[in-house]
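Since we're looking at a predicted model, the values are computed, not measured. Chain A is the first sequence line, chain B the second, and so forth, proteins listed ahead of strands; every chain is numbered from 1.
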2 protein chains.
Amino acid sequence: MENKLIYYIRKWTDITREKEADVYKAFETISVKKKQKLLIPGDTCKYIYFITQGALRSWFVDDKGVEHIYQIRLENGWISDLESFFSQRPSKYYIEALEDSKLLRISYERLEALYIQVPSLERYFRILFQKAYINALERLNSTMWESAVDRYNNMMKENKDIFQRVPLVYIASYLGITPESLSRIRKKRQV
Amino acid sequence: MENKLIYYIRKWTDITREKEADVYKAFETISVKKKQKLLIPGDTCKYIYFITQGALRSWFVDDKGVEHIYQIRLENGWISDLESFFSQRPSKYYIEALEDSKLLRISYERLEALYIQVPSLERYFRILFQKAYINALERLNSTMWESAVDRYNNMMKENKDIFQRVPLVYIASYLGITPESLSRIRKKRQV
DNA sequence: CTCATTTCTTAACATAGGTCAAGTGTTTGA
DNA sequence: TCAAACACTTGACCTATGTTAAGAAATGAG
């Protein structure tokens with residue numbers, strides 16, 4: 001199998017070849033063009049997406065009309081609005097491709113059925129959310145207590161690939177600062 | 001059963017009375033006095049704790065010696081350092097009781113065994129972490145994009161009980177501001 | 001009941017990062 | 001292929017929140 005999804009499930013759980021096939025069959029492959037939107041506010045998020053190739057971002061627009069990016073994801077990551085997906089209620093987020101991308105998607109009903117058919121999947125997602133939660137708390141601590149410069153440096157260290165592929169405006173927003181500030185930080189660094 | 005843990009598991013999963021008993025037996029009940037510590041930096045977090053009564057906080061100390069609170073939890077919540085617990089590596093956090101409290105605790109090995117014995121528990125924790133992750137992202141967005149005043153007002157609306165039971169110094173840190181700032185915010189409000 | 005400690009408030013001053021405005025490259029799509 | 005849209009930078013100025021320092025109020029242990 002050419003994608004990493006099955007690879008990760010296999011890594012974290014005991015799963016039979018047969019069940020792997022069930023999982024694989026439950027996902028649909030889709031291709032999206034750069035700038036194509038997978039979700040807009042008001043719509044309910046029908047799918048969660050595993051990225052096999054490409055890059056996507058997710059953001060919301062505040063009352064003043066300013067965009068705030070809360071996720072940037074590359075291949076082998078998941079993207080969705082989980083709150084909308086799991087509650088099956090309208091989302092406040094956009095999801096859009098930053099590059100032409102290839103995705104695996106699964107719907108809410110299909111996933112619920114699959115949890116029952118393949119209990120290892122429940123374990124996989126338990127571990128996935130556990131890690132995601134720990135990461136989110138780390139990002140929270142860093143946003144609350146580190147300076148913009150430190151956050152920039154950390155991201156440079158840990159997600160260098162994102163800087164090569166994603167416009168700085170989006171990275172600035174993801175870091176919680178303005179593009180102007182990011183520009184100044186980068187200027188200082190080079191000296 | 002007098003505590004809410006089984007209640008929540010029952011609410012989110014299909015679990016038999018027999019398996020409920022297995023879960024119940026796997027947890028130990030402990031009592032802690034106000035100011036008693038359950039975890040200090042350098043130690044590995046041996047347990048996750050479900051609070052049946054009381055209040056606890058968790059924090060870390062930065063290189064300048066400043067305390068940063070990242071969790072405040074009341075009864076019917078969980079508290080732990082998940083990163084240390086799941087990796088079984090040393091923690092950088094403190095956990096301490098803010099009031100005399102009663103807790104249910106389970107060790108890493110015991111929990112891993114219980115997942116196998118009671119698959120519904122895997123589902124319970126999958127849903128728990130899913131919700132926790134969604135909350136952490138909400139808190140992140142609010143920290144990044146809302147003013148301290150808005151964060152204070154939201155917390156007042158959603159966690160009024162915490163204000164009645166926890167010193168403001170801790171709440172300020174949890175909100176990502178100094179006690180002085182919180183004091184100013186509260187003063188303005190009353191006018 | 002009382003002294004020590006903890007918690008909270010206030011004020012003067014400092015600063016990181018935001019805002020506004022303008023300008024220069026660089027893609028992109030008709 | 002060339003205008004329009006996007007991406008990035010720079011500078012002058014502004015503001016929310018931090019820092020430092022002090023004191024008042026509340027709480028708690030002996």
Side-chain angles (χ1 to χ4, degrees), chain A residues 33-37 55 57 59 61-69 72 94 96-100 141-156 162-191, chain B residues 33-37 55 57 59 61-69 72 94 96-100 141-156 162-191:
Chain A
K33 286 271 161 216
K34 181 171 177 171
K35 294 209 174 173
Q36 194 178 323
K37 289 188 178 60
R57 68 175 174 130
W59 75 97
V61 177
D62 70 19
D63 358 288
K64 284 168 199 135
V66 182
E67 292 191 355
H68 301 292
I69 292 181
I72 297 176
Y94 291 88
E96 181 188 272
L98 290 166
E99 306 172 353
D100 294 354
N141 268 341
S142 127
T143 303
M144 274 192 176
W145 307 117
E146 287 173 11
S147 69
V149 175
D150 291 346
R151 271 177 282 148
Y152 170 81
N153 289 337
N154 288 341
M155 188 161 172
M156 259 310 219
I162 289 187
F163 282 88
Q164 262 116 45
R165 289 165 63 180
V166 176
L168 293 176
V169 222
Y170 300 151
I171 293 174
S173 179
Y174 181 82
L175 286 171
I177 57 179
T178 58
E180 292 92 334
S181 286
L182 182 54
S183 193
R184 279 187 281 251
I185 288 170
R186 288 165 63 83
K187 190 185 179 186
K188 250 185 268 163
R189 272 231 114 198
Q190 281 153 25
V191 184
Chain B
K33 287 267 161 221
K34 183 171 176 170
K35 295 207 174 175
Q36 195 179 322
K37 289 189 178 57
R57 68 177 176 129
W59 76 97
V61 177
D62 70 20
D63 359 287
K64 284 168 201 137
V66 182
E67 293 190 353
H68 301 291
I69 292 181
I72 297 175
Y94 291 88
E96 180 187 274
L98 291 166
E99 306 171 353
D100 294 355
N141 269 339
S142 127
T143 303
M144 274 192 176
W145 306 117
E146 286 172 12
S147 68
V149 175
D150 291 345
R151 271 177 282 148
Y152 170 80
N153 288 335
N154 288 340
M155 189 164 171
M156 259 307 216
I162 289 187
F163 282 87
Q164 261 115 47
R165 290 165 61 180
V166 176
L168 292 175
V169 222
Y170 300 149
I171 293 174
S173 180
Y174 181 82
L175 286 170
I177 57 178
T178 59
E180 293 89 339
S181 285
L182 182 54
S183 196
R184 278 187 287 250
I185 288 169
R186 289 165 63 84
K187 192 186 177 189
K188 251 185 267 166
R189 272 230 113 200
Q190 281 152 25
V191 183

Legend entry - Rounded distance in Å - CD (B:E96) to C1' (C:dT6): 13 Å
Legend entry - A:K34 NZ - D:dC6 C1' separation (whole Å): 10 Å
Inset, instruction - Round to the nearest Å and state the distance from B:F163 atom CZ to C:dT7 atom P. - result: 16 Å
Legend entry - Charged N-O contact under 4.0 Å between A:K33 and A:D100: yes
Inset, instruction - Report the residue (B:E146 or A:E180) whose heavy-atom-nearest nucleotide on DNA chain D is the more 5′ of the two. - result: A:E180
Legend entry - Protein-nucleotide distance (A:K64, atom NZ; C:dC20, atom P), rounded to Å: 10 Å
Legend entry - Nucleotide nearest A:L168 (side chain, heavy atoms from C-beta), chosen from D:dT9, C:dC8, C:dG17: D:dT9
Legend entry - 5' priority, DNA chain D, between B:I177 and A:V169 [closest heavy atom]: A:V169
Inset, instruction - Let me know which of A:R165, A:R57, A:K34 forms a salt bridge (Lys or Arg N to Asp or Glu O under 4.0 Å) with A:E99. - result: A:R165
Inset, instruction - Check the distance between C:dA16's C1' and A:I185's CD1 and give it to me in whole angstrom. - result: 10 Å
Legend entry - Nearest-nucleotide comparison on DNA chain C, the residue closer to the 5′ end among B:V166 and A:S147: B:V166
Inset, instruction - Take the protein atom CD of B:E67 and the nucleotide atom C1' of D:dG18, then report the distance between them rounded to whole Å. - result: 18 Å
Legend entry - Phosphate OP1/OP2 of C:dG17 contacted by A:T178 side-chain N/O (<4.0 Å): no
Legend entry - Nearest-Å distance for atom pair CG/P, residues A:L98 and D:dC6: 14 Å
Legend entry - Non-hydrogen atoms of A:I72 and A:Y170 that approach each other most closely: CD1-O, 4.0 Å
Legend entry - B:R186 CZ - C:dT9 C1' separation (whole Å): 11 Å
Legend entry - Candidate nucleotides D:dT9, C:dT9, D:dG18, ranked by approach to the side chain of B:S183 - the nearest: C:dT9
Legend entry - Option from B:S181, B:P179, B:S173 for which side chain to side chain contact (heavy atoms under 4.5 Å, CB included) with B:I177 holds: B:S181
Inset, instruction - Report the nucleotide, chosen from C:dC8, C:dT10, D:dC6, that has the shortest atom-to-atom distance to any side-chain atom of B:K187. - result: C:dT10
Inset, instruction - Spell out yes or no: do the side chain of A:R184 and the base of C:dT19 have one donor N/O and one acceptor N/O closer than 3.5 Å? - result: yes
Inset, instruction - Could you pull out the closest heavy-atom pair between A:V166 and A:I171, with the gap in Å? - result: O-CD1, 3.5 Å
